[in-house]
Number of protein chains: 2
Amino acid sequence: MSVQERKQRERADRERLIVATARELAEQQGWDAVTTRRLAERIQYSQPVLYSHFRGKREIIGAVALEGAAEMASAVRAAASAADGPRTRVTALARTYLEFAERNPAVYDAMFQLDGGLAFAHEDTPEPLKDAFAALLESLGEVAGDGVHPGLFTEVFWAALHGLATLTRAGRLPPEETGRRVELLVDRLAVV
Amino acid sequence: MSVQERKQRERADRERLIVATARELAEQQGWDAVTTRRLAERIQYSQPVLYSHFRGKREIIGAVALEGAAEMASAVRAAASAADGPRTRVTALARTYLEFAERNPAVYDAMFQLDGGLAFAHEDTPEPLKDAFAALLESLGEVAGDGVHPGLFTEVFWAALHGLATLTRAGRLPPEETGRRVELLVDRLAVV
DNA sequence: GATTCGATCCTAGCAGCGCTAGACATTCGA
DNA sequence: TCGAATGTCTAGCGCTGCTAGGATCGAATC
């Protein structure tokens, strides 16, 4: 059995290598540069090997997205727990979210801009995605205000952050004012 | 000279045909289906003809985006002028914006999701794009609140709408609650 | 009216894409 | 030690955006 175990472990290692390499390449040169040929070359295997781990490129993007969701969830929770008071917590959350998007643009794209073949807003939504939303909800639920459903409030707040993140990165919004936009957003949306 | 004029007119007609066909095809089957070959076939010319009008596919997307921006601007202005009172106006604006995105997903993608090679937030931003932002500003500036820069407020409100539009269409947010999200957004952001 | 010349358009092809069939080793179990 | 099963690679399919070079056609000139 030990031989099989070793093989399984090696396979799992290789799968992680694929995802990490895809992410690295995407972060360096954008997702357009992540072709199956280049990816295969970087991991020093032939193209078909990729297809023995993933159904296709889409699934590789999806794997990067799940990894990103987990990281984002923990980043948000860390920022929230370091702040005291609902208001400060929400500001920290917003800043952390936008910073994550800015620092990991390719991962953010994988999560929300590209088709990673992942289900959303359903029961069969992958756990990391649900958990990332939950991480937002934990802090945002506090400031939803009376009579407002915390989930709905979180959706709206999240959408605003997502809009800021994507429009800024696409050059639609000048990045200098990001801080003031966050301030305004928190001021108005959060009920303290 | 009349012959030259006729030729110029025919050329302009053909250019409009290309853009309209691209838009139609994108709206029917998504931008992935808009290949230069299919597009050429639909307009009954060969591929290279496309390149005598546009530098490449990106510029065709850009042309659709500009067309869309003009339409959105007039839709937003129409909705705003039909409503009386700042608060009602903003609600109408928000609904109109989201409705535009929902009814013209391919055009919306061309404007904000895809790379149409257009400049933003610069002086050399194409007029229709600046005007679309101006259309939002006209109504949103009224409810920015004292001491808040109208442009900054418009950016934040717009980002929120953009986030709602994209996340909803990508299946990240259940569409049933859109109305309540808009209500919440206007309630909190707009100062009446 | 014939001829030249320039504009216009098409055929054919390039390199690269995601993905896969089938051949080839290599390793495992009998 | 041999057959089967597993793993991997080479080669290739149909597609993409884009372009070079040749054919064709219409307008201007003699």
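Letters A, B, ... mirror the listed sequences (proteins, then strands); counts begin at 1.
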Q: Using the salt bridge (charged side-chain N to carboxylate O under 4.0 Å, His left out) rule, take A/Glu155 and B/Arg181 through it: C-alpha gap first, then chi angles, then the decisive distance, then the call.
A: CA-CA 8 Å; A/Glu155 287 174 353; B/Arg181 291 193 200 101; 2.6 Å; yes
Q) In whole angstrom, what separates A/Arg11's CZ from D/dT6's C1'? A) 11 Å
Q. Which whole-number value in Å describes the distance from B/Glu10 CD to C/dT8 P?
A. 11 Å
Q: Would you mind reading off the distance between A/Phe54 atom CZ and C/dT20 atom C1', rounded to a whole angstrom?
A: 18 Å
Q.
Does B/Arg103 form a salt bridge (charged side-chain N to carboxylate O under 4.0 Å, His left out) with B/Glu99? I'd like the steps, not just the answer.
A. CA-CA 6 Å; B/Arg103 293 240 269 253; B/Glu99 194 178 298; 3.1 Å; yes
Q. Any sub-3.5 Å donor-acceptor pair from B/Asn104's side-chain atoms to B/Phe100's backbone N or O?
A. yes
**Q.** Bend angle of the helix from C/dG1-D/dC30 to C/dA30-D/dT1, end axes from five pairs each (to 10°)
**A.** 20°
**Q.** Residues which pass salt bridge (charged side-chain N to carboxylate O under 4.0 Å, His left out) with B/Glu27, listed by chain and number, not counting sequence neighbours
**A.** none
Under 3.5 Å, N/O pairs linking protein and nucleotides 14-19 of chain C:
residue	atom	partner	partner atom	Å
C/dC17	OP1	A/Thr35	OG1	3.4
C/dC17	OP1	A/Arg38	NH2	3.4
C/dG18	OP1	A/Lys57	NZ	3.2
C/dG18	OP2	A/Thr36	N	2.7
C/dG18	OP2	A/Thr36	OG1	3.0
C/dG18	N7	A/Arg37	NH1	3.0
C/dG18	O6	A/Arg37	NH2	3.0
C/dC19	OP2	A/Tyr51	OH	2.9
C/dC19	OP2	A/Lys57	N	2.8
C/dC19	O5'	A/Tyr51	OH	3.3
C/dC19	N4	A/Gln47	OE1	2.9
C/dC19	N4	A/Gln47	NE2	2.9

(Q) In this structure, how many angstroms lie between the C1' atom of D/dT6 and the CZ atom of A/Arg14, rounded? (A) 12 Å
**Q.** Shortest non-hydrogen separation from A/Val76 to A/Ala135 and the atoms involved
**A.** CG1-O, 4.0 Å
Q) Does B/Arg14 make a cation-pi contact with B/Tyr45, if we ask for NZ or CZ under 6.0 Å from the ring centre and within 45° of the axis? A) yes
Q: Starting at atom NE2 of B/His53, determine the distance to atom P of D/dC18, rounded to an integer number of angstrom.
A: 15 Å
Q | Verdict with reasoning, A/Lys130 to A/Asp124, per salt bridge (charged side-chain N to carboxylate O under 4.0 Å, His left out) | A | CA-CA 10 Å; A/Lys130 287 200 274 191; A/Asp124 52 347; over 6 Å; no
Q. Which heavy-atom pair separates B/Leu114 from A/Arg172 by the least distance, and what is that distance?
A. O-NH2, 4.3 Å
